[in-house]
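Down below is the structure, laid out as structure tokens.
This chain uses plain numbering: 1 for the first residue, then up along the sequence. Here the structure is a predicted model, which is why all the values come from computation and not from measurement.
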Amino acid sequence: MSRSLPDKLAVPELDLLSPLLNQDGDSWTAHFQGLTLRTALQPIYSISHKRIVGYEALIRAFDPDNAAVLPLHLFQLPSSDAENLLLDRLCRYLHIRNYSDVQDQLNWLFLNVSPQAVTSGSRADSFFGQLLKKTGLPPHRIVMEIVEQPTDDAEKLRETVAYYKRLGCLTAIDDFGAGHSNFERIWNLSPDIVKLDRTLLTRATEDHKARQILNGIVSLLHQSGCLVLLEGVETREQALIAIDGGVDFVQGYYFQTPSTDLEGLIHAPANFEDLLQEYKSRNQVTFDPTRQLIDFFSPYFRAAIDKLGHGASMHQACLELANHGAVSRCYLVDDQGVQIADTLVSDTGARHSDPRFKPLESTSSADWFRQQYLRQALAQPENLHVTSPYLCVTGAYMCVTLSQGYYHEGELRVLCCDILANPT
């Protein structure tokens, strides 16, 4: 049964919204401008737990002929701030009413709230506290999602987020990595969870460099004290990228599509066993070349260090090492991390030299102490160490570095060798 809205809307409170809801069988529906609104849920999975830990509530609208109406068109219907606020709160009311009846007393409900609704109306969203009290849903089971975009009133946004936290809810920043995303918003709002925009995953699927950036963003967010959710996972390969990227939670069509069959979702777990087994197999393949690098280059390093110990020059001692097709340069460092002599650049290194980075080529007396490979070699001399791929500051190319400490006339030195990570 459809109900008309008053011509002039006050700030919509529960008494105004309650008549717009109807119980339809086992679920609730709402009515807005002739449309019937229903709740759809999409599961959110924890990779480590291998199970559902929450659901995002999504609105589904239908016209009088029961034809689906795009959410975009639904949210274009309000013609005033008051109507926009009403629709936002009506959706939340509907979702919480439905979720309260779901036989799941553990997991989170993720609710979207528009920035316009957050920063308009009263100083704090007292409506939401009343709603939780009326429905009996504990606030610690709610995650309030706020879309990452500029707002005219950043202070009010901060106050509103603080209000949800005082209620006992978790907070999340949505669509991070798209549009106006920035870490300043993370620092200002201190969300519990950050949802990465699906465009980051799309780029990571197509570009290895973008995948490294994705992994770096996840690491920075973790250091900021945020759990990370990657949405928009649609393929098995993207699921493996998410696992490798270190995200905590995943969401997307690959695991489960949104459904209005709310009870049925609880009995539709994803199979993480096969995914994690494939990841472990791939990861083992990734680790093996590291071991192979050490095994392969150990004789070269032993020979070079022996020659250096007998007074040979860097060129004489490392010539055989530098002649290997993947080696770009060799250099020697003292126990303070300072380079002792000029770098021995191989033919491979010379061919890959980019004249745009010529100011970085000379490394005489450079200080490498900040580099992890140098500190490892100093801490564990006589062992050959190898890094993960990283961006080399001498030419802005990706490389791995082999390093080994040894003693020469009682002084600790480190022989280093850079190997192109992606030789052509």
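- With no hydrogens or angles considered, no side-chain donor-acceptor pair links D261 and S259 at under 3.5 Å.
- Between the side chain of H352 and the backbone N or O of T348 there is at least one donor-acceptor pair closer than 3.5 Å.
- In terms of modelled atom types and a separation under 3.5 Å, the side chain of Q371 and the main chain of Y373 share no donor-acceptor contact.
- For the residue pair D354 / Y397, no side-chain donor-acceptor distance below 3.5 Å is found, with atom types taken as modelled.
- Between the side chain of T257 and the main chain of Y253, no donor-acceptor pair closer than 3.5 Å is present.
- Looking only at atom types and distance, the side chain of T39 has a donor-acceptor partner in the side chain of H95 under 3.5 Å away.
- Stacking of R97 on the aromatic ring of W28 is recorded, both the 6.0 Å distance cut-off and the 45° axial limit being met.
- Inspection of the S353 and E361 side chains reveals an N or O donor paired with an N or O acceptor under 3.5 Å.
- Q103 and E263 form no side-chain donor-acceptor contact under 3.5 Å, judged by distance and modelled atom types alone.
- The closest donor-acceptor contact from the side chain of T235 to the backbone of Q238 lies under 3.5 Å.
- Using a distance-only test at 3.5 Å, with no hydrogens or angles considered, a donor-acceptor pair links the side chain of Q42 to the main chain of Q256.
- Between the side chains of T29 and N22, no donor-acceptor pair of N or O atoms lies under 3.5 Å.
- By the 6.0 Å and 45° rule, R413 does not stack over the aromatic ring of W368.
- Judged by distance alone, the side chains of D81 and N84 never bring a donor and an acceptor atom under 3.5 Å apart.
- A donor and an acceptor atom, one from each side chain of Y93 and S18, are located under 3.5 Å apart.
- A side-chain donor from one of Q251 and E56 sits under 3.5 Å from a side-chain acceptor of the other.
- Side-chain atoms of T387 never come within 3.5 Å of backbone atoms of V400 as a donor-acceptor pair (strictly under, hydrogens ignored).
- When only modelled atom types and interatomic distance are considered, R51 and Y45 share no side-chain donor-acceptor pair under 3.5 Å.
- Judged purely by distance below 3.5 Å, without hydrogens or angles, the side chains of Q336 and D367 never pair a donor atom with an acceptor atom.
- Side chains of T394 and T363: a donor-acceptor N/O pair is absent below 3.5 angstrom, by distance only.
- Not one N or O on the side chain of D65 forms a donor-acceptor pair closer than 3.5 Å with the backbone of A67.
- Using a 3.5 Å distance cut-off with no hydrogens or angles, the side chains of T202 and E206 do not pair a donor with an acceptor.
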